[in-house]
There are 2 protein chains.
Amino acid sequence: MRIGELARLAGVSARALRHYEDRGLLVPGRTGGGYREYADTDVARVAQITAMISAGLNTATVGRYLGCARTGEHGTSLELCPGLSAELVAIGERLEARLAELRDQQARLRELASAD
Amino acid sequence: MRIGELARLAGVSARALRHYEDRGLLVPGRTGGGYREYADTDVARVAQITAMISAGLNTATVGRYLGCARTGEHGTSLELCPGLSAELVAIGERLEARLAELRDQQARLRELASAD
DNA sequence: GTAAGGGTTCACGTCGGCGAGAAGGTCAAG
DNA sequence: CTTGACCTTCTCGCCGACGTGAACCCTTAC
């Protein structure tokens with residue numbers, strides 16, 4: 001299939017798909033006319049990519065661990081992916097820190113708003 | 001006083017003070033040699049600026065409402081600042097939305113990490 | 001053959017407070 | 001006079017997943 005159809009099926013923009021290719025996450029074939037040619041399995045691959053990105057992994061990290069993270073019903077073992085577990089923990093910590101920052105900011109905002 | 005001293009007293013970088021001036025939040029005088037000349041009251045002004053910024057206001061908004069937000073013990077009425085109250089509410093809402101996003105992200109991250 | 005609706009590759013914009021380096025001027029002290 | 005601390009303006013960089021034209025090529029239907 002071509003990029004538009006995959007975009008529809010996967011629920012992302014064509015621009016995003018080109019971006020993933022740019023980052024090496026998706027490597028479609030090419031037709032004679034230069035069009036990108038995607039396989040059916042790429043729908044699942046994109047789902048995996050978006051799942052990881054929405055969890056806070058950047059494209060470089062996604063690239064390193066693409067294929068060994070559980071994304072659906074058939075759980076792939078994390079053991080197959082040395083380092084992923086630690087990476088997830090690190091991301092979780094940064095996320096927690098960011099949440100704490102925002103909560104502090106929220107407190108300061110309330111402080112400002114509590115004028116007479 | 002000059003920029004270095006104000007930076008120390010206010011606990012910000014000299015770069016930040018130049019940035020505030022760039023945004024029109026701080027307008028120091030100039031010495032014959034071209035040095036910025038700050039008044040003693042600017043220490044409090046900077047405190048007010050950083051308080052508002054740390055609460056999530058951007059420099060443009062700080063500029064609009066600088067001087068009428070409560071920052072210390074002597075509460076200035078919000079009534080003197082038409083619009084500030086609404087602005088704070090809007091910022092609070094965006095902040096809450098961002099917090100919700102991050103909590104969702106945290107959930108998705110846990111989802112990823114819960115592989116077998 | 002031609003119009004329509006894809007597709008392609010750049011390449012800059014976003015969001016913004018401030019870090020950081022370059023190149024050079026000002027000034028008090030030894 | 002000279003060092004050296006501190007100051008000046010200028011300008012790019014950051015953090016990154018995309019949005020958004022611009023200018024042009026491919027394919028298919030009619």
Side-chain angles (χ1 to χ4, degrees), chain A residues 1-38 42 46-64 66 90-91 94-95 97-98 101-102 104-105 108, chain B residues 1-38 42 46-64 66 90-91 94-95 97-98 101-102 104-105 108:
Chain A
M1 74 189 80
R2 292 186 311 192
I3 200 171
E5 191 179 352
L6 178 57
R8 266 191 307 278
L9 289 178
V12 302
S13 68
R15 177 68 181 87
L17 294 178
R18 294 195 191 93
H19 178 62
Y20 297 153
E21 178 178 353
D22 217 45
R23 302 292 150 168
L25 306 182
L26 214 48
V27 188
R30 295 287 177 152
T31 69
Y35 286 4
R36 270 164 260 252
E37 180 70 25
Y38 295 94
D42 283 333
V46 171
Q48 198 169 28
I49 292 171
T50 57
M52 298 178 84
I53 284 185
S54 75
L57 286 72
N58 60 28
T59 52
T61 307
V62 170
R64 273 199 300 281
L66 191 59
I91 292 173
R94 270 177 289 172
L95 187 51
R98 182 80 186 116
E101 266 182 42
L102 286 192
D104 285 354
Q105 182 182 329
R108 287 189 293 265
Chain B
M1 74 187 81
R2 294 188 309 192
I3 199 170
E5 191 178 353
L6 178 56
R8 269 191 304 276
L9 290 178
V12 302
S13 67
R15 176 68 183 88
L17 294 178
R18 293 194 193 94
H19 178 62
Y20 296 153
E21 178 178 354
D22 216 45
R23 303 291 150 169
L25 307 181
L26 216 47
V27 187
R30 294 289 178 152
T31 70
Y35 286 5
R36 271 165 259 255
E37 180 69 24
Y38 294 94
D42 283 332
V46 172
Q48 200 170 26
I49 293 171
T50 57
M52 298 178 83
I53 285 184
S54 75
L57 286 72
N58 59 29
T59 52
T61 306
V62 170
R64 273 199 299 281
L66 191 59
I91 293 173
R94 271 177 290 172
L95 187 51
R98 182 80 186 116
E101 266 181 43
L102 287 192
D104 285 354
Q105 182 182 329
R108 287 189 293 265

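Per chain, numbering begins at 1; letters A, B, ... match sequence-line order. Quantities reported herein were computed from a predicted structural model and do not represent experimental measurements.
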Exercise. Taking any atom under 4.0 angstrom from a heavy atom of chain A, which nucleotides of DNA chain C are the first and last to qualify, 5' to 3'?
Worked result: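 On DNA chain C, the outermost contacted nucleotides are C:dG6 to C:dA11.
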For this session: In plain terms, say whether A:Arg2 and A:Glu5 are close enough for a salt bridge, that is, a side-chain N and a carboxylate O under 4.0 Å apart.
Result: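 Judged by the 4.0 Å cut-off on N to carboxylate O distance, A:Arg2 and A:Glu5 do not form a salt bridge.
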Hey, what do you get for [atom1] ([X]) to [atom2] ([Y]), rounding to the nearest 0.5 Å?
| X | Y | atom1 | atom2 | result |
| --- | --- | --- | --- | --- |
| A:Thr61 | A:Ile53 | OG1 | CD1 | 10.0 Å |
| A:Met1 | A:Asp42 | CE | CG | 7.0 Å |
| A:Leu26 | A:Gln48 | CG | CD | 11.0 Å |

Exercise. Could you give the angle between the helix axes at the two ends of the helix from C:dG1-D:dC30 to C:dG30-D:dC1, with five pairs per end, rounded to 10 degrees?
Worked result: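 Rounded value for the end-axis angle: 30°.
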Over all heavy atoms of both residues, which pair between [X] and [Y] is shortest? Give the atoms and the distance, please.
| X | Y | value |
| --- | --- | --- |
| B:Val46 | B:Ala10 | CG1-CB, 3.5 Å |
| B:Leu25 | B:Thr59 | CD2-O, 3.4 Å |
| B:Arg98 | A:Leu102 | CG-CD1, 3.5 Å |
| B:Ile3 | B:Tyr38 | CA-CE1, 3.7 Å |
| B:Ala7 | B:Ala14 | CB-N, 3.9 Å |

For this session: Map B:Thr59 and B:Arg2 onto DNA chain C by nearest heavy atom, then report which one ends up closer to the 5' terminus.
Result: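 Counting from the 5' end, the first nearest nucleotide belongs to B:Thr59.
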Problem set entry | Protein-nucleotide distance (A:Asn58, atom CG; D:dA17, atom P), rounded to Å |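 Those two atoms, CG and P, are 6 Å apart.
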Exercise. Rounded to the nearest Å, what distance is computed from the CD atom of residue B:Gln105 to the P atom of nucleotide D:dG16?
Worked result: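 Spelled out: CD on B:Gln105 to P on D:dG16 is 14 Å.
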For this session: Please tell me which of the listed nucleotides, D:dC7, D:dC18, D:dG16, lies nearest to the side chain of B:Ile3?
Result: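 The nucleotide sitting nearest to the side chain is D:dC7.
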For this session: Answer with yes or no whether A:Tyr35 presents, from its side chain, a donor or acceptor under 3.5 Å of a partner atom in the base of D:dC26.
Result: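 Flag set: donor-acceptor pair detected.
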Below 3.5 Å, can you tabulate the donor-acceptor pairs from side chains in residues 16-23 of chain B to any protein atom, sequence neighbours excluded?
| residue | atom | partner | partner atom | Å |
| --- | --- | --- | --- | --- |
| B:Glu21 | OE1 | B:Arg36 | NH1 | 2.5 |
| B:Glu21 | OE2 | B:Arg30 | NH2 | 3.1 |
| B:Glu21 | OE2 | B:Arg36 | NH1 | 3.4 |

Problem set entry | Test item: B:Asp104 and B:Glu101 side chains (from C-beta on) under 4.5 Å apart, heavy atoms |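 Not in contact.
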Would you tabulate the nitrogen or oxygen pairs shorter than 3.5 Å linking the protein to nucleotides 28-30 of chain D?
none

Problem set entry | Residues that A:Arg108 engages under side chain to side chain donor-acceptor pair (under 3.5 Å), provided they are two or more places apart |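 For A:Arg108 the side chain to side chain donor-acceptor pair (under 3.5 Å) partners, ignoring immediate neighbours, are B:Ser54.
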Problem set entry | Sorted by number, the residues of residues 15-33 of chain A with heavy-atom contact under 4.0 Å to DNA chain C |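 Of all residues in residues 15-33 of chain A, the ones placing a heavy atom under 4.0 Å from DNA chain C are A:Arg15, A:Arg18, A:Arg30.
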